[in-house]
Amino acid sequence: MRLGLCCLFKKEPVSFRTTTAKSLLALPRDQQFQKLSEICFDNATNLYLALETVHRLGIGAFRIMSPFFPRMTHPAVGYRLEDLPEGKNISQKLAASRSFARKNDIRLSFHPDQFVVLSSPHSQVVANSIRELEYHGMLADAVGADVINIHAGGVYGDKSQALQRLNDVLPYLSVAVRKRLTLENDDVSYTPMDLLSFCERLSIPLVYDVHHHRCNPDGLSVVQATTIAEKSWQAVGRQPYFHISSPRNGWQGGDPKPHADYIDPADFPACWLGREMTVDVEAKAKELAVTRLMAELKNRPDAPVLLKSAS
DNA sequence: GCATGTCAAGTTGTG
DNA sequence: CACAACTTGACATGC
């Protein structure tokens with residue numbers, strides 16, 4: 001088992017920059033490129049630093065934030081790497097990160113945000129989503145990430161019709177995106193049960209988020225959902241990818257959906273212990289939460305744990 | 001310098 | 001019907 005960090009650090013001095021379309025639009029095009037070039041170069045440099053840091057901490061996976069190249073797909077200020085003065089150097093930095101991750105067995109992933117909705121009935125929303133996914137595919141190729149994980153999107157009154165639209169859009173995705181695309185159960189609409197047969201039929205691995213499952217249950221037990229999701233990865237010969245988080249105010253403290261700073265070890269499914277899988281830790285204390293959970297799982301009496309740092 | 005409001009995008013559920 | 005929650009800063013602005 002390996003535990004993963006999502007995007008950011010709490011205490012370690014690694015951070016990622018961004019900018020807004022609004023501020024870019026105040027500049028002439030060449031100055032936009034200059035500014036974007038500096039930000040992208042800094043982010044590429046910090047990605048390498050992030051990988052060195054997670055490796056040092058014994059963390060085995062890292063999720064790269066979607067605005068890694070800020071506003072790259074924006075209709076007005078979007079750009080290509082080749083447009084940027086430091087484009088070649090930026091590519092070299094990404095290649096270095098790719099080598100480092102491969103050499104040290106750090107699994108990389110992406111989780112495009114809520115604006116990527118392949119099941120939308122609005123063609124413009126779908127077109128924008130494809131554009132955004134292709135940006136992620138380009139990045140994934142460059143850094144060697146094997147997962148681009150999305151949600152099934154909205155329901156629009158009929159889940160099966162929505163999933164059919166998602167199905168119909170898949171042929172329009174490049175191989176770079178399609179071979180990495182995964183679906184995750186969410187906390188309001190699509191449960192593991194909803195996605196099970198769809199994922200199986202299309203050979204799309206299911207990223208099982210146990211917190212979402214607990215917020216949005218479907219009759220399946222955690223053990224059953226784990227088994228189903230695990231099979232969807234084994235079917236394509238890949239290591240399973242799951243998510244864990246804890247409710248900010250506990251399970252009795254109102255809305256359980258907001259994430260807590262740390263993971264309550266009691267929320268970590270016993271049936272995950274000792275399995276071959278990657279578990280992204282979605283917790284606001286970031287790397288502090290991952291390292292604390294690693295330590296706590298090691299001490300858990302109920303099952304043998306093989307954490308990456310100990311193996 | 002420091003505090004505060006802003007930031008591309010979708011969808012759903014709440015107040 | 002407007003708005004917050006998903007996730008979360010970092011940046012731009014204004015004092």
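These numbers come from the heavy atoms of this one structure, side chains and all, not from hydrogens, waters or symmetry mates. These numbers were taken from a predicted model, which means no experiment stands behind them. By convention in this document, chain letters (A, B, ...) are assigned in the order of the sequence lines, proteins followed by strands, and residues within each chain are numbered from 1.
A gap of 26 Å separates the P atoms of B:dA3 and C:dC6, to the nearest Å. Spacing of P atoms, B:dG5 relative to C:dA4, comes out at 13 Å, to the nearest Å. Taking the C1' atom of each, B:dG1 and C:dT8 are spaced 24 Å apart, rounded to whole Å. Between B:dG10 and C:dG9, the distance separating the two P atoms is 24 Å to the nearest Å. Separation of the C1' atoms belonging to C:dT7 and B:dT6 is 16 Å when rounded to the nearest angstrom.
Computed from coordinates, the A:His151 NE2 to C:dT7 C1' distance equals 11 Å when rounded to whole Å. Separating the CZ atom of A:Arg63 from the P atom of C:dT7 is a distance of 9 Å, rounded to the nearest angstrom. A:Leu36 has its CG atom 13 Å from the P atom of B:dA8, to the nearest Å. Nucleotide C:dT7 holds its P atom 19 Å from the CZ atom of A:Phe110, rounded to whole Å. Between the CZ atom of A:Arg248 and the P atom of C:dA4 there is a distance of 15 Å, given to the nearest Å. In this structure, A:His259 atom NE2 and C:dT8 atom P are separated by 8 Å, rounded to whole Å. At whole-Å resolution of the value, CG in A:Leu25 and P in B:dT6 are 18 Å apart. The separation between A:Leu27 atom CG and C:dC11 atom P is 15 Å, rounded to whole Å.
With 3.5 Å as the limit, one finds no donor-acceptor pair spanning the side chains of A:His151 and A:Asp186.
Nucleic acid contact for A:Pro75: base, since at least one base atom lies under 4.0 Å from a heavy atom of the residue.
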Original post:
Quick one: what's the B/S/- string for nucleotides 9-15 of chain B, heavy-atom cutoff under 4.0 Å, read 5' to 3'?
Top reply: BBSS---

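Hydrophobic cluster membership for A:Val117: A:Val125, A:Tyr156 (Ile, Leu, Val, Met, Phe, Trp, Tyr linked by side-chain heavy atoms under 4.5 Å, directly or transitively). Grouped with A:Tyr262 in one hydrophobic cluster are A:Leu288, the linkage being side-chain heavy-atom contacts under 4.5 Å among Ile, Leu, Val, Met, Phe, Trp and Tyr residues.
Sorted by residue number, the members of residues 8-21 of chain A with any non-hydrogen atom under 4.0 Å from DNA chain B read A:Thr20, A:Ala21.
At the phosphate of C:dA12, OP1 or OP2 sits under 4.0 Å from a side-chain N or O atom of A:Lys35. In this structure, A:Lys286 reaches the C:dT8 phosphate: one of its side-chain N or O atoms is under 4.0 Å from OP1 or OP2.
With sequence neighbours left out, the salt bridge (charged side-chain N to carboxylate O under 4.0 Å, His left out) criterion links A:Asp158 to no other residue. Residues forming a side-chain hydrogen bond (donor to acceptor under 3.5 Å, both in side chains) with A:Gln124 (at least two apart in sequence, or on another chain): A:Asn128. Residues meeting the salt bridge (charged side-chain N to carboxylate O under 4.0 Å, His left out) test with A:Arg165, sequence neighbours left out: none. Taking A:Asp141 as the reference, A:Arg180 meet the salt bridge (charged side-chain N to carboxylate O under 4.0 Å, His left out) condition, with sequence neighbours excluded. In this structure, the side-chain contact (heavy atoms from CB on, under 4.5 Å) partners of A:Thr20, at least two apart in sequence or on a different chain, are A:Lys22, A:Ser23. In terms of the salt bridge (charged side-chain N to carboxylate O under 4.0 Å, His left out) criterion, A:Arg201 has no residue partners (sequence neighbours excluded).
Electrostatic pairing of A:Arg17 and A:Asp42 counts as a salt bridge here, judged by a charged N lying under 4.0 Å from a carboxylate O. Salt bridge A:Glu282/A:Arg63: present, at least one basic N to carboxylate O contact under 4.0 Å.
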**OP:** Any chance you could encode DNA chain B as dot-bracket? Rule is Watson-Crick or G-U wobble with both distances under 3.5 Å; [ ] for pairs crossing earlier ones, | for another strand.
**Re:** |||||||..||||||

Could you list the donor-acceptor pairs under 3.5 angstrom formed between side-chain atoms of residues 192-200 of chain A and any protein atom two or more places apart in sequence or on another chain?
| unit_1 | atom_1 | unit_2 | atom_2 | d |
| --- | --- | --- | --- | --- |
| A:Asp194 | OD2 | A:Lys159 | NZ | 2.8 |
| A:Asp194 | OD2 | A:Thr191 | N | 2.9 |
| A:Asp194 | OD2 | A:Thr191 | OG1 | 3.1 |

